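For clarity, every value in this text was computed on a predicted model and none was experimentally measured.
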Amino acid sequence: MADQNPTAGPRVVPIDLPPAQTEILRDELLGWLAGIEEDLESDEPPDPGADAREADAFRRLLTALDRGEIALPDVEAREAMSRAAEGYDDASGYRRVVAVHDAHHALLSLLG
């Protein structure tokens, strides 16, 4: 298979998400940025360099949402978003909610 990006430089791709998802992502990114800013303002932030890189990644993602396109690859943005999504899933009990949902609908399907 031919290399999709033979120069290994970033390529710009469109962000084609429904407006509702874009708004959710914008709100989440702004919230995560606010949390990072609070961490950085504390007397002893755990890792100011990592926090600053994560904040930069979230800002790039916000800019990409506003522009409707994103430069890829962006490894730091992917890692930051992955950590944030996993944290959200853990905090919201996502795995439990999905398991309960699946159990409810499995029983409903048996009931006809």
Give a yes or no on whether a salt bridge exists between [X] and [Y], defined as a side-chain N under 4.0 angstrom from a carboxylate O.
X   : Y   : result
R26 : E23 : yes
D89 : R95 : no
R59 : D56 : yes

How about CG on D16, more than 12 heavy atoms from neighbouring residues, nucleotides or ligands closer than 6.0 Å, or not? no
A quick test of your reading: do over 12 heavy atoms of other residues, nucleotides or ligands sit less than 6.0 Å from CZ of R67? no
To the nearest 0.5 angstrom, please state how far the CD1 atom of I36 sits from the CG atom of D51. 6.0 Å
Roughly how far, to the nearest 0.5 Å, is the OG1 atom of T63 from the CZ atom of F58? 13.5 Å
Are [X] and [Y] connected, step by step, through hydrophobic side chains (Ile, Leu, Val, Met, Phe, Trp, Tyr) whose heavy atoms are closer than 4.5 Å?
X   : Y    : answer
V98 : V100 : no
Y88 : L62  : no
L17 : W32  : yes
I24 : I15  : no
M81 : Y94  : no

For P10 and P73, which heavy atoms make the closest approach, and how far apart are they? CA-CD, 4.2 Å
Least distance between heavy atoms, R60 atom then A77 atom: NH2-N, 3.9 Å
Minimum side-chain heavy-atom gap [X]-[Y] below 4.5 Å:
X   : Y   : result
V12 : L72 : no
E54 : R83 : yes
L65 : L29 : yes
L61 : I70 : yes
P48 : L40 : yes

When you measure from the side chain of R78 to the backbone N and O of D74, does any donor-acceptor pair fall under 3.5 Å? no
